[in-house]
Structures are given as structure tokens and as C-alpha cells.
**Student:** 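Structure provided below as C-alpha cells; questions to follow.
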Amino acid sequence: MPGLNANEYDAVIIGAGIGGLVCGCYLAKAGMKVLIAEQHFKPGGYCTSFKRGKFTFDAAAHSFGGYRKDGIVRKVFRDLGLDMLLNIKRYDPSDIIMSPDYKISFRSDVAETIKDFISAFPLESDNIEKFFHFLNNPSPISFARMRNWTFRQLLDHYFLDNKLKTILAFPLLGNGGLPPSLMSAFTGSKIFTEFLLDGGYYPEGGMQALPIALVGRFKELGGELRLSCLVKQIVVRDGKVAGVHFENNDFISSRYVVSNCDAMQTFSDLLGSEVVSKEILNEIETMSPSLSMFVLYLGVDNNTFQSLHQPGTNLWILNSYDIEQIYSKINKGHFDEIDDFMMRISPDNQTILAFVNAPFKSRAYWTSKKGKLTEIFIKGIMRNVLPDLTKHLIFRDAATPYTLYRYTLNYKGAAYGWSGIPSQSSFSRYRCPSFINGLYLTGHWITQVQGIPGVIYIGYDTAKMISRK
Amino acid sequence: MPDSVEKEIVSIIAEVSGFDEEEIKPDANFFDDLEIDSIKAIEITVAIEKKFKISVRDEDVPLITTVKHAVELVNTLLEQKAANARA
Ligand SMILES: Cc1cc2nc3c(=O)[nH]c(=O)nc-3n(C[C@H](O)[C@H](O)[C@H](O)COP(=O)(O)OP(=O)(O)OC[C@H]3O[C@@H](n4cnc5c(N)ncnc54)[C@H](O)[C@@H]3O)c2cc1C
């Protein structure tokens with residue numbers, strides 16, 4: 001690039017999560033000299049896969065949404081030419097919720113999903129139509145009106161039947177880590193439209209294919225990625241970013257710094273109290289991160305499950321119609337009392353991924369609990385779905401909240417950034433903090449829309465903001 | 001006072017939308033001209049409430065669609081607040 005020395009960049013991005021990678025691609029496409037520094041030895045953050053023997057597991061994210069014709073993920077992949085590189089398949093149904101009395105499928109054709117709900121809850125048929133109409137025709141003003149609403153208020157606004165409300169709320173606990181009484185109506189609605197009504201997309205080769213394709217494109221556009229490269233400080237001079245320091249003390253100078261890593265780390269460690277006011281640090285101290293997860297990875301012998309359940313579909317097992325109570329048991333770590341979880345047989349029919357939300361605890365706590373919890377969880381799957389499971393089990397392992405933290409440095413192993421309660425929505429005012437010129441935050445800590453669609457949106461939008469300058 | 005309300009609001013819109021302050025005309029429509037979507041509409045409303053320590057009633061939210069209308073709304077709410085404080 002003209003005018004810049006080897007250690008000078010237009011923009012440095014901290015973290016090669018999906019948010020950072022998307023942002024990096026757009027900035028490089030706009031002609032900037034961009035460096036992405038990632039502390040892990042592979043890119044993707046929560047969107048990675050790993051191999052154990054002949055099995056490939058998705059580490060955390062295991063499908064994505066927002067890929068409909070005018071969806072944000074489709075737009076971004078098209079802009080970046082990734083739609084041609086990736087072979088993306090949609091699994092139909094994307095999700096099935098099984099409760100003691102009902103089995104509801106989320107189909108690619110939303111009309112079919114609505115039909116399913118109506119045949120289960122005929123007395124609520126008008127309300128179901130209205131609720132889905134509201135979700136499918138989002139209006140910025142109606143969401144701004146509901147900015148202080150919880151998802152519970154939204155459900156109560158539309159429905160009477162408690163079982164129906166619970167079924168609608170359960171996948172939001174898994175995909176957002178909150179019960180309806182705490183989750184903001186906006187976040188909950190977005191989980192619906194982006195994860196459930198337009199979910200079930202999966203790239204051939206596993207979730208790692210997404211960051212691999214993004215990195216490939218980023219490099220073609222002239223971007224530079226450094227792996228195993230931990231950023232330890234964002235250097236600010238006279239109210240303006242100057243660059244970053246790596247762990248090995250190397251300094252890289254840069255006009256813009258984009259942080260894709262967790263917000264607590266960004267403000268407390270990378271910037272620190274010399275740059276960030278006490279008031280803001282205190283505010284962040286009191287904020288609560290979203291719940292973490294306990295993730296089970298199982299490898300099974302060949303073709304065991306072909307006739308049982310559709311591979312590629314998220315199967316939600318709900319045994320109690322009291323989400324608030326499930327949430328409270330999760331927070332207390334009473335896993336032996338929880339029989340509600342998500343599981344998914346992989347598209348290649350070889351593995352099972354299952355998860356339950358879990359609180360962050362020390363490494364020692366999880367080391368002592370991991371084995372027992374794995375057993376409890378396997379028994380739950382056998383009781384509810386696959387009675388013969390242990391006969392076919394070849395491999396088992398699990399990731400605890402501590403594991404998730406260790407690999408991505410997400411504060412408290414949070415699965416979705418800050419927890420999506422209405423009062424925390426104002427954190428997004430720090431997307432480009434006015435007290436530090438040239439600093440931008442991107443990724444799931446700064447968006448109210450969860451998961452891959454949310455971070456793809458914010459990565460794209462962050463690049464757009466920077467390019468406009 | 002009115003001047004500074006307008007300045008603050010323009011600065012909020014600039015921060016949220018990514019457009020430069022000079023580009024944000026009093027009559028520009030947030031949704032049609034400044035690419036404000038649902039997320040940003042919430043951010044703007046929340047930021048205005050925080051900045052001026054007011055709460056916008058549900059029925060007034062649709063007024064937050066241009067700088068001009070937002071300034072009028074905030075001024076009205078600030079006057080009401082001052083009147084309430086005096087009462
Ligand atoms: C178990 C689980 C299952 C999930 N399932 C789904 C799903 O099916 N669908 C879906 O859409 N979403 C899912 N999510 C959520 C989704 O995966 C995340 O919200 C999303 O991937 C976050 O992307 P990100 O870019 O914001 O950040 P991250 O993925 O957290 O990436 C941040 C990156 O920054 C790096 N980093 C951190 N600190 C530093 C530093 N100091 N220096 C350099 N690098 C640093 C990290 O190593 C990491 O690579 C799931 C999450 C979990 C935990």
C-alpha cells in the first residue's frame with residue numbers, strides 16, 4: 001500500500017471471530033491496509049470445528065440463520081463472493097421442539113410452521129397468525145416503542161396459553177441464554193426471525209468452512225491475518241488510537257482499531273483505567289454477561305441414526321413447562337434436576353452435539369463436575385431420544401464454560417456477549433466510543449441481535465461506519 | 001437551549017448512523033435517508049432518553065423520525081419536566 005511502512009496499518013482488528021473477519025473483508029475491499037490479530041491458532045472464535053480421530057465436531061455454533069433472499073448473511077456472502085465458494089445447505093425442519101404433549105417443527109416454509117402451531121393450539125389460531133405477521137413485518141418504530149419490553153410481555157400481548165408461550169420461549173433460552181421474563185422483546189424477536197423462521201443453514205465441511213472462506217477472501221483482498229497473536233494493549237494518544245501492542249511487545253501503528261474481542265477485556269485490560277473513566281469502568285463492572293454453555297460432543301458408529309431423527313435438525317427437548325424454573329436451576333448448577341436441552345445429529349450422521357446453558361465457574365469446579373455432568377447428559381439423551389445410545393458410542397467429550405472462555409477469552413465464557421436484558425441495550429452507545437477517536441467495537445458484545453447473523457450484521461455495519469469517515 | 005438540543009441530537013444520530021454531522025440535515029428521514037434500521041431506531045431512542053434524562057412515551061416514538069421532529073419532542077418533554085419540577 002502506498003505511504004505505509006511495514007508496521008503501519010489503516011486498521012487493526014483484534015480477534016478473527018466472524019464479526020472481525022467480516023469487518024476485515026469489507027475494510028480491505030474498500031482499499032484499506034488491514035491486519036487481523038487472533039490469539040488462537042485458528043480463526044473463527046465460537047464458529048470453529050475440531051477433529052478427534054475420524055470425527056469432526058463443531059465446537060459451538062452449529063448452524064446459522066439470516067440466509068433468506070433478503071437476509072443479512074446472504075447479502076454479505078454475496079458482496080464478498082462467498083456464496084460461490086461455500087456450499088450451503090438448509091436443513092428442513094431447522095428445529096423441532098418436543099414437549100410432553102406436542103411436537104412442533106420449524107419448516108423452511110413459514111406457512112407450514114404456522115400450520116403446525118395452529119393444529120397444536122387451535123384456540124390460539126388468530127393470535128398465532130398475528131404473532132408471526134408481526135415477526136415477519138418488522139417495523140423500526142414498533143421495536144423502538146417496545147424498547148423496554150421483555151419477551152414475556154410480548155408473548156402475553158399475543159397469547160393466553162401457557163404451554164404455547166413456553167414452547168415459543170424455550171429455544172430462546174438456548175439461543176439467547178435468558179428466560180422470557182428477562183430477555184428484551186427485540187432480542188427475542190430477532191432470535192425468532194434470524195434463528196428459527198430462517199434457520200438451519202449449514203456449510204458443507206462444517207462450521208469452520210465459514211471462517212476459512214472469509215480468511216481466504218480477506219487475503220485475496222490484500223488483508224493480513226496473524227494467528228497465535230494476542231493483543232495486550234490498545235495504545236491511545238491524545239484521545240485517539242495509535243495502534244496496538246502484542247504479547248511479545250511488538251507495536252503496530254494504526255489509524256483505526258476494531259475490537260472483536262470481549263467488551264470487558266477491551267475496556268478493562270486492553271484500554272485500562274488510564275484511558276477509560278472510572279464511571280464507565282464501574283458501569284461495565286455491574287453489567288451481566290449472557291450465560292455460558294455446557295457442550296457435549298459424541299461420536300457414534302456408522303449410520304446408527306439415519307432412521308431415527310433427521311440429521312442437521314436442532315432437536316429441543318422440553319420436559320417442564322416452567323422456563324423460569326429451568327433458568328433458576330441452571331444458575332444454581334442443579335443439572336441433575338434439568339431434563340431440558342438441545343441436541344443435533346450432525347449432517348454426516350457421525351456425531352451428536354448437545355448443549356445446555358450453564359453458569360461460569362472456576363476451572364476447578366468444572367474439572368470436578370465435567371465427568372458427572374457428561375454422564376447425566378448422556379442419560380438424558382437416552383431417556384428422551386436414543387435409548388440405545390451407549391451401545392453405539394465411540395467417543396465422548398465435553399466443553400465447559402471454562403473451556404469456552406479458554407479458547408476465545410470471552411468474558412465468563414459468555415455464549416452471546418452481554419445478556420440481552422432491556423436495560424443493557426444502551427451499551428451499544430460504545431460502538432465507537434466518543435472519548436477515543438478511531439476505536440470501534442464489533443461482534444456479539446456490542447449487538448442486540450444474537451449469534452452468527454447478529455455478528456455478520458455488526459461486522460458489516462462497523463466497516464461501513466469506518467469507510468464513511 | 002434549543003440550539004444545544006439540536007446539536008446533541010445530531011451528534012447522537014451521527015454516532016449511531018455513522019454519517020457525518022454535516023450530512024445530517026434537519027429534515028432528513030432517519031429510515032429513508034440515514035439507513036436507520038430497527039436496532040439503530042432503538043439505540044437512538046435510548047440514547048436520547050439517557051442524554052436528556054427524559055422518558056419518551058410509546059405514542060411519541062413515531063415522532064423520532066427526523067432531527068427536526070426529535071428536537072421538537074425533546075424540547076416539549078424538557079419543558080414539561082421543568083414545569084413539573086416547579087410545581
Ligand atoms: C455453545 C455455543 C453454541 C452456539 N450456537 C450457535 C448457533 O448454532 N448459531 C449461531 O448463529 N450462533 C451460535 N452461537 C453464538 C455464536 O457462535 C457467537 O455469538 C458468534 O460466533 C460470536 O462471534 P464474534 O465474532 O462476536 O466473537 P467470537 O467468536 O467470540 O470471536 C472473538 C475472537 O477474538 C479472539 N480474541 C479474544 N481476545 C483477543 C486478544 N486479546 N487478542 C487477539 N485475539 C483475541 C478470540 O480468540 C476469538 O477468536 C453459539 C455459541 C455457543 C457458545
Side-chain angles (χ1 to χ4, degrees), chain A residues 26 70 72 75 134-135 137-149 153 157 184-187 189-190 193-194 283 420 422-435 437 439-442 446-450 453-455 457-458 460-469, chain B residues 4-25 28-74 77:
Chain A
Y26 276 98
D70 57 353
I72 181 68
K75 181 207 154 28
F134 161 77
L135 291 175
N137 298 276
S139 120
I141 289 178
S142 57
F143 279 122
R145 264 201 198 122
M146 292 187 326
R147 68 199 172 284
N148 297 321
W149 281 33
Q153 284 171 287
H157 180 77
S184 87
F186 178 70
T187 297
S189 303
K190 284 291 175 184
T193 53
E194 306 307 309
E283 178 188 344
S423 62
Q424 297 198 151
S425 69
S426 67
F427 186 77
S428 47
R429 71 187 185 286
Y430 297 127
R431 278 190 65 188
C432 46
S434 53
F435 52 94
N437 218 316
L439 175 69
Y440 291 78
L441 270 64
T442 204
I446 200 73
T447 162
Q448 298 168 59
V449 183
Q450 317 286 60
V455 304
Y457 162 83
I458 204 88
Y460 157 72
D461 200 64
T462 305
K464 210 163 75 177
M465 281 180 144
I466 295 174
S467 309
R468 255 200 213 114
K469 293 286 166 220
Chain B
S4 75
V5 168
E6 177 165 347
K7 251 180 102 183
E8 291 288 0
I9 287 178
V10 169
S11 128
I12 288 172
I13 308 300
E15 237 169 59
V16 174
S17 69
F19 280 85
D20 276 342
E21 295 194 2
E22 303 80 64
E23 292 174 274
I24 301 168
K25 305 280 177 262
N29 183 286
F30 293 172
F31 308 110
D32 300 336
D33 305 323
L34 299 175
E35 300 173 21
I36 299 300
D37 52 25
S38 312
I39 303 184
K40 295 182 178 182
I42 298 179
E43 284 173 17
I44 290 173
T45 313
V46 171
I48 287 178
E49 290 183 311
K50 248 196 146 75
K51 181 90 234 166
F52 299 103
K53 302 193 170 61
I54 53 177
S55 65
V56 177
R57 285 175 314 197
D58 283 359
E59 57 268 34
D60 289 337
V61 167
L63 293 172
I64 308 182
T65 44
T66 64
V67 172
K68 205 169 124 202
H69 287 132
V71 171
E72 281 166 15
L73 173 67
V74 169
L77 292 174

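Letters A, B, ... mirror the listed sequences (proteins, then strands); counts begin at 1.
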**Student:** For B:T65, is it the side chain, the backbone, both or neither that has a heavy atom under 4.5 Å from a heavy atom of chain A?
**Tutor:** side chain

**Student:** Can you see which heavy atom on A:R145 is nearest to which on B:D58, and at what distance?
**Tutor:** NE-O, 3.1 Å

**Student:** Give, for atom CD1 of A:I141 and atom OG1 of B:T45, the distance between the pair rounded to the nearest 0.5 Å.
**Tutor:** 9.0 Å

**Student:** With a 4.5 angstrom heavy-atom cut-off, could you sort out which part of A:R431 is near chain B: side chain, backbone, both or neither?
**Tutor:** side chain

**Student:** Answer with side chain, backbone, both or neither: which region of B:F19 has an atom nearer than 4.5 Å to a non-hydrogen atom of chain A?
**Tutor:** both

**Student:** Hey, is the main chain of B:E15 close enough, under 3.5 Å, to the side chain of A:R429 for a donor-acceptor pair?
**Tutor:** no

**Student:** Looking only at heavy atoms, which two atoms of A:M465 and B:V16 are closest? And how far apart?
**Tutor:** CE-O, 3.3 Å

**Student:** Could you report the tightest heavy-atom contact between B:E35 and A:K464, atom names first, then the distance?
**Tutor:** OE1-NZ, 2.9 Å

**Student:** For B:A41 and A:A144, work out which heavy atoms get closest and say how close.
**Tutor:** O-CB, 4.1 Å

**Student:** If you compare all heavy atoms of A:R147 against all heavy atoms of B:V56, which two are closest, and at what distance to 0.1 Å?
**Tutor:** NH2-O, 2.7 Å

**Student:** First locate atom OG of A:S184, then atom CD1 of B:I42, and finally report the distance between them rounded to the nearest 0.5 Å.
**Tutor:** 6.5 Å

**Student:** Could you have a look at B:E59, B:R57, B:E43 and say which one has the most heavy-atom pairs with chain A under 4.5 angstrom?
**Tutor:** B:E43

**Student:** What distance do A:F143 atom CZ and B:I39 atom CD1 have between them, rounded to the nearest 0.5 Å?
**Tutor:** 10.0 Å

**Student:** Measuring heavy-atom distances to chain B, does A:S425 have an atom under 4.5 Å in its side chain, in its backbone, in both, or in neither?
**Tutor:** side chain

**Student:** Hey, what do you get for OG (B:S38) to CE (A:M146), rounding to the nearest 0.5 Å?
**Tutor:** 9.5 Å

**Student:** How far apart are the closest heavy atoms of B:G18 and A:K469, and which atoms are they?
**Tutor:** O-NZ, 4.0 Å

